[in-house]
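Lettering of chains follows the sequences in order, A, B, ..., and the numbering in each one begins at 1.
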2 protein chains.
Amino acid sequence: MVKMKITAEERNAQIVRVAMKLFSQKGFKGTTTREIAQKAGISEATIFKHFAKKDALYSAIIDKQCNDRKGESLLMKKLEGKEGKEVFKEIATFLIQTHQEDPTFLKLLMFSALEGHKLSDIFIRTRGMETLDYLAKHISKLISQGSFKKVNAPIAARAFLGMIIHYSMLQEIYGLKRFFKVPVKKVVDIFVDIFFEGMEARHA
Amino acid sequence: MVKMKITAEERNAQIVRVAMKLFSQKGFKGTTTREIAQKAGISEATIFKHFAKKDALYSAIIDKQCNDRKGESLLMKKLEGKEGKEVFKEIATFLIQTHQEDPTFLKLLMFSALEGHKLSDIFIRTRGMETLDYLAKHISKLISQGSFKKVNAPIAARAFLGMIIHYSMLQEIYGLKRFFKVPVKKVVDIFVDIFFEGMEARHA
DNA sequence: TCCTGTGGTGAGTAAGTGCTTACTATACAT
DNA sequence: ATGTATAGTAAGCACTTACTCACCACAGGA
């Protein structure tokens, strides 16, 4: 009996961490409170001391994900001073690399949408759309500057992000990375090249 | 007591139909055999007369999906005689429209990948990759004809398909169709335009 | 007429599931 | 040292899950 007593806050955070990992691997329904307890090295009852229902755990995760914008600010820092193709390359590389290193977020978002939880909506709208919104604005700017041709910016943003996210999904979730091994740089270069040239205003 | 007796084959198909719908809505784990039985208007025991385990039901669905190529041949028929941008427009329209009318397949594929079932691999490789393979070959042809510039064809195919599938996913699964209502034609035109112009060989 | 094969079920069962309760162990201010 | 709030748990409750089995209805050949 050398079970450590830690503060409620710490235990809280720990449970959320463990649960997040498991939910992203097996979904909400596929994860049992028993397994969360076991992986966290505590008893099941302790979980329910900290979270009234299994559902509350899920809410806490989404809440955390919605308020945690480390990734976003990291990307913004990388974008500073960049322009032209470099902006798009940076975004694409960042996303693909992030998903590659840790697909937790990607899977969590997919499970959340598929399982259709109450709070999944807000999760999707805040975290799923942030890059999309940024991109749409950036594209709008390039259009008004005359370097991009006049197309619906939100749709164009979805085109670009679609290439990237779908690529990551096939690689990480559908398991294609076992067969399709290409350096990130190469993929990014091709994606950005296609998109950029497809968007560039031609001076006929 | 007017329960109809139908042939085993028919009952079999009916159960698979009901199960497929439910699996696509709530996933394998999220669907109970009770609910399948109820929605099929039979007893739970009957399901197990026809399928040894719940798992066998899942396998039957994937098997059916892998052998059912109605969609593919329908698309191929639409592509006959088309060339240039029209080929891409036809593919994009077909996919987006199909997903819009009935997202069952799309959801089934996503759940299958996320839940990581044994047979999901073959499902993904046969049904998830078919259009991708076709596209890659078509792009290869256009490159060797000199109308597309020289880029890695499989990656380019993933770029194009990524735009489309990701668009469908956001609309149908992430629920964006509630906020983002744009005619299919408009979206397709933009996607194809970006991709096509991005791929075209420039004669400087 | 009886028999037999086929399609179908009511009533279970064992193994989980989320969640609760009655209780113990420990840190720490007094 | 002692009281108290806090962190934690063993055991188990009520319910659901996939799955089973003994049995029934009935069409059709003998």
Side-chain angles (χ1 to χ4, degrees), chain A residues 1-62 111-112 115-120, chain B residues 1-62 111-112 115-120:
Chain A
M1 169 68 74
V2 204
K3 282 273 161 84
M4 292 243 273
K5 250 176 128 165
I6 62 178
T7 69
E9 207 176 348
E10 280 177 302
R11 185 65 78 199
N12 227 291
Q14 186 216 2
I15 294 172
V16 166
R17 261 201 324 275
V18 173
M20 189 165 71
K21 194 171 172 185
L22 287 171
F23 286 167
S24 83
Q25 281 166 6
K26 329 168 90 177
F28 181 75
K29 292 225 159 170
T31 305
T32 66
T33 49
R34 224 147 264 190
E35 192 178 0
I36 296 171
Q38 189 208 311
K39 290 253 157 76
I42 55 175
S43 77
E44 219 184 326
T46 300
I47 290 180
F48 289 98
K49 270 264 143 82
H50 291 258
F51 300 90
K53 322 184 90 199
K54 189 188 175 191
D55 220 76
L57 242 179
Y58 192 81
S59 303
I61 290 173
I62 290 191
F111 262 123
S112 136
E115 291 185 325
H117 221 273
K118 287 170 203 168
L119 285 103
S120 76
Chain B
M1 161 72 83
V2 203
K3 280 273 161 86
M4 292 246 271
K5 254 173 124 164
I6 62 178
T7 68
E9 209 176 347
E10 280 178 303
R11 184 66 77 200
N12 226 292
Q14 186 216 1
I15 294 171
V16 166
R17 261 201 322 275
V18 173
M20 189 165 69
K21 193 171 173 186
L22 287 170
F23 285 167
S24 82
Q25 281 166 6
K26 330 167 90 178
F28 180 76
K29 292 226 159 168
T31 304
T32 66
T33 49
R34 259 225 261 291
E35 193 178 359
I36 296 170
Q38 188 208 311
K39 290 253 157 78
I42 55 176
S43 78
E44 225 182 320
T46 301
I47 290 180
F48 289 99
K49 268 265 143 77
H50 292 259
F51 300 90
K53 324 185 88 198
K54 188 188 175 190
D55 221 77
L57 241 179
Y58 192 81
S59 304
I61 290 172
I62 289 191
F111 262 123
S112 137
E115 290 185 325
H117 222 271
K118 288 170 203 168
L119 284 103
S120 75

Tell me whether the side-chain N/O atoms of His50(A) come closer than 4.0 Å to OP1 or OP2 in dG8(D).
yes
For Leu57(B) and Phe28(B), run side chain to side chain contact (heavy atoms under 4.5 Å, CB included): C-alpha distance rounded to whole Å, both residues' side-chain angles, the deciding distance at 0.1 Å, then the answer.
CA-CA 10 Å; Leu57(B) 241 179; Phe28(B) 180 76; 5.8 Å; no
Name the residue closer to the 5' end of DNA chain D, choosing between Glu44(B) and Ala45(A) according to the nucleotide with the nearest heavy atom.
Ala45(A)
With a non-hydrogen cut-off below 4.0 angstrom, is Ile47(A) in contact with a base, only sugar-phosphate, or nothing?
nothing
Does a donor on one side chain sit under 3.5 Å from an acceptor on the other, for Gln14(B) and Arg17(B)?
no
Is the distance from OP1 or OP2 of dG10(C) to the nearest side-chain N or O of Ser43(B) less than 4.0 Å?
no
Taking atom C1' of dT6(C) as reference, at what distance in whole Å does atom CD of Glu9(B) sit?
15 Å
Contact class for Ala8(B) (heavy atom, under 4.0 Å): base, sugar-phosphate, or nothing?
sugar-phosphate
Rounded to whole Å, please give me the gap between CD1 in Ile15(B) and C1' in dG8(C).
11 Å
Output the single nucleotide from dC19(C), dC19(D), dG8(C) whose closest atom is nearest the side chain of Phe48(A).
dC19(C)
Give a yes/no answer on whether the side chain of Lys5(A) brings an N or O atom under 4.0 Å of OP1 or OP2 in dG8(D).
no
Just to confirm, is there a sub-4.0 Å distance from OP1 or OP2 of dT17(C) to any side-chain nitrogen or oxygen of Arg34(A)?
no
Length of the CG-P vector between Asp55(A) and dG18(C), whole Å:
12 Å
Interatomic distance where CD belongs to Glu10(A) and P belongs to dA7(D) [whole Å]
11 Å
Looking only at non-hydrogen atoms, find the nearest pair between His50(A) and Thr46(A) and report the distance.
CD2-O, 3.0 Å
When the distance from CD1 of Ile36(B) to P of dC19(D) is rounded to whole Å, what number comes out?
11 Å
Expressed in angstrom and rounded to an integer, what is the separation of Phe23(B) atom CZ from dA18(D) atom C1'?
12 Å
Could you tell me the separation between the NZ atom of Lys54(B) and the C1' atom of dG16(C), rounded to a whole number of Å?
13 Å
What is the distance, rounded to the nearest whole Å, between atom CZ of Arg11(B) and atom P of dG7(C)?
10 Å
At less than 4.0 Å, is any side-chain N or O atom of Lys49(A) found next to OP1 or OP2 of dA7(D)? Yes or no.
no
For dA7(D), does OP1 or OP2 lie under 4.0 Å from any side-chain N or O of Thr46(A)?
no
Inspect the surroundings of NZ in Lys54(A) and state if more than 12 heavy atoms from other residues, nucleotides or ligands are less than 6.0 Å away.
yes
Candidates Glu10(A), Arg11(A), Lys5(A) - the one meeting side-chain hydrogen bond (donor to acceptor under 3.5 Å, both in side chains) with Thr7(A):
Glu10(A)
Could you check Lys29(B) against Thr7(A) and say which one's nearest nucleotide on DNA chain D is further toward the 5' end?
Thr7(A)
